[in-house]
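Please read the structure below before turning to the comments.
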Protein chains: 2
Amino acid sequence: MLREALTDPSPENLLKFLNTHLGNRDCLIQVLGECEVFYQGRAASVAEAGDFLVLVKCDGSLQVHGAKGIKPINWQPKVDDTQVLIENGRAVLLSERFNPPELVRVVFLKPALAQALELDEVSGFVLFGSEAEMQKALTRNPEAIEAGLTLIDAELPTEVGDIDLYARDSQGRLVVIELKRGKATQEAVYQLMRYVERIGEIGGTDVRGILAAPAITKPALERLQALKLEFHEVRALPVEEKPEAQPTLFSS
Amino acid sequence: MLREALTDPSPENLLKFLNTHLGNRDCLIQVLGECEVFYQGRAASVAEAGDFLVLVKCDGSLQVHGAKGIKPINWQPKVDDTQVLIENGRAVLLSERFNPPELVRVVFLKPALAQALELDEVSGFVLFGSEAEMQKALTRNPEAIEAGLTLIDAELPTEVGDIDLYARDSQGRLVVIELKRGKATQEAVYQLMRYVERIGEIGGTDVRGILAAPAITKPALERLQALKLEFHEVRALPVEEKPEAQPTLFSS
DNA sequence: GTTTCGATATCGGTT
DNA sequence: AACCGATGTCGAAAC
């Protein structure tokens, strides 16, 4: 798993190391040590000399991590060109993207550790509880939103955006449904409002709007009600079971 | 910088290693090797056995990286409790957050390398070109949006959200300005529309709305114009100089 | 603690 | 390539 490691490499050795493994494109490269980091692109930033962990993955993506926080202080998700050179006796990493033009420049002042790590690509990853999954489940079973609902369409395109679910209720009224996997906000209410208005314009009379989500913020609920729209609770995931609270043969 | 490293640690040694450095809270901890990762919280996920790089920073934040991509496959940004234990002869890392309840569980199947890295906290980081910076610059110099503009307020709260900039034009009309640091989308147009409608309701007549951004998407511009709103170009950063295109004393 | 909004958001899908 | 919407978004500020 550890292909190669250098401690306290000279700029020349670090250059050679980085060029070798960047060229192979089969290792995760990391350099730990004191660096300066510069970024210019959609925004711009400067990080004064400090300790950072620099990661370059097989796909060329770059992230520069500080001591804290989940997010890197600088990064480059899609890289068109990576170069290493020596400037003023220091190894410098340039990570560039062409469109939009973005450049991250890492100057290695005191590299302490450089490693090339083998990481086979991962295949089996599954996520549950996404909005897409909710939509599929509710398409199969619209009754989970309201009894008597008949689905007409999903992802219905309109002038003002795509309607998540489009249905008719038990009384034959058109129903526009906006889905959220998390707590619904005012933004979702306005989204729903636009769809309901649009459906009203192009044909429907007495169009209902339902915001379907596991929860809703207080201000969003107030606005929703003021607009004569509705909230229905639906869950992205089955409610978590709490084994310690379950009655058993022995406790009952 | 490299405080401690173990290669191919036994479950017991890995447990001891993790407990020691998690307790000290002064190192970035890395474990490289074959793992399974489970997550349950707002959503849920399963990653089958595969090669991962697990990072735990001093603040307890956890990220599990695969071979590709800027984003970890699983993560925990705010951690309330981290535990290590041995289950079925394997070291297991539990990273838990209480509110909302979220749990990441990493099972180390074949840990190849465990390292504790010293990273002093970084201080000097500056970002340029944020929307906040744009807003400050335009507050000092509203003429950059339009000649004769007089600022009334910034971040003005309304029923439908906060207005970035609120002004009066040379003819005394009220102007609502929505600021975007990047290309403006339809969403920004609707935001602006809501603000203009709201200001119209509570007092103004003939209220103007300006979307100020470095660029706007084509559909957003069409919708904006249909709504009788305006687009004005403003930049988050000074236009990049291209030295090779600059006329010089010699080329001219 | 809740809500809102910006972000170098990133990412994936669709046109 | 441009555009749009979801994200376990994260993160900070305002309330």
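Quick note on labels: first sequence line is chain A, next is B, and so on, each numbered from 1.
Contacts between residues 47-58 of chain A and DNA chain C, defined by a heavy-atom separation under 4.0 Å, are absent. Residues from residues 188-200 of chain B placing a heavy atom under 4.0 Å of any atom in DNA chain D do not occur.
Within the cation-pi definition used here (under 6.0 Å to the ring centroid, within 45° of the axis), B/Arg194 qualifies as a partner of A/Tyr190.
One atom, CH2 of A/Trp75, and another, P of C/dT10, lie 6 Å apart when rounded to the nearest Å. The CG-P distance, from B/Leu237 to C/dT8, rounds to 11 Å in whole Å. Following rounding to the nearest Å, B/Glu178 (CD) and C/dT4 (P) show an atom-to-atom distance of 16 Å. Summarising the geometry, the separation between CD on A/Glu187 and C1' on C/dT3 is reported as 13 Å, rounded to the nearest angstrom. Whole-Å rounding puts the A/Asn74 CG to C/dA7 P distance at 16 Å. We find that CG of B/Asp164 is positioned 6 Å from P of C/dG6, with the value rounded to whole Å.
Contacts of A/Glu155 with the nucleic acid, taken as non-hydrogen atoms under 4.0 Å apart, are absent. Among the heavy atoms of the strands, none lies under 4.0 Å from A/Lys78. Nucleic acid contact for A/Gln76: none, since no nucleic acid atom lies under 4.0 Å from a heavy atom of the residue. Using a 4.0 Å heavy-atom distance criterion, A/Ile73 is classed as a base contact. Contacts of B/Ser45 with the nucleic acid, taken as non-hydrogen atoms under 4.0 Å apart, are absent. Nucleic acid contact for A/Glu131: sugar-phosphate only, since backbone atoms but no base atoms lie under 4.0 Å from a heavy atom of the residue. Within the 4.0 angstrom heavy-atom criterion, only backbone atoms of the sugar-phosphate kind lie near A/Gly161; the bases stay farther away. Within 4.0 Å (heavy atoms only), A/Lys180 reaches sugar-phosphate atoms of the nucleic acid but no base atom.
A donor and an acceptor atom, one from each side chain of B/Gln76 and B/Gln63, are nowhere located under 3.5 Å apart. There is a side-chain donor-acceptor pair under 3.5 Å between B/Gln30 and A/Gln30. In this structure, a donor-acceptor pair under 3.5 Å is absent between the side chains of A/His65 and A/Lys71.
The base of C/dT4 lies outside donor-acceptor range of the side chain of B/Asp162, with no N or O pair under 3.5 Å.
In this structure the side chain of A/Leu119 never reaches within 4.5 angstrom of the side chain of B/Phe52, judged on heavy atoms. Side-chain atoms of B/Asp164 and B/Gln135, non-hydrogen and from C-beta on, do get closer than 4.5 Å to each other.
The phosphate of C/dG6 has neither OP1 nor OP2 within less than 4.0 Å of any side-chain N or O from A/Arg42. Applying the 4.0 Å criterion to OP1 and OP2 of C/dT8, one finds that A/Arg97 has every side-chain N and O outside that range. In this model, the phosphate group of C/dT3 is not approached by any side-chain N or O of A/Thr185 to a distance below 4.0 Å at OP1 or OP2.
Among B/Ile177, B/Leu149, B/Leu151, B/Ile145, the one residue that satisfies the side-chain contact (heavy atoms from CB on, under 4.5 Å) test with B/Leu138 is B/Ile145.
Across the interface with DNA chain D, nearest-nucleotide mapping of B/Pro157 and B/Lys218 shows B/Lys218 to be the residue nearer the 5′ end. When each of A/Lys71 and B/Ala220 is assigned the nucleotide of DNA chain D with its nearest heavy atom, B/Ala220 is the one assigned upstream, toward the 5' end.
With C/dA9, C/dT4, C/dG6 as the choices, the nucleotide that has an atom nearest any side-chain atom of B/Arg181 turns out to be C/dA9.
Think of the region where chain A sits on DNA chain D: with heavy atoms and a 4.0 Å cut, that region ends 5' and 3' at D/dA2 to D/dG11.
For the C1' atoms, the distance linking C/dT14 with D/dG8 amounts to 24 Å, nearest Å. One C1' atom belongs to D/dC10, the other to D/dA6, and the distance between them is 14 Å to the nearest Å. Spacing of P atoms, C/dT4 relative to C/dT8, comes out at 22 Å, to the nearest Å.
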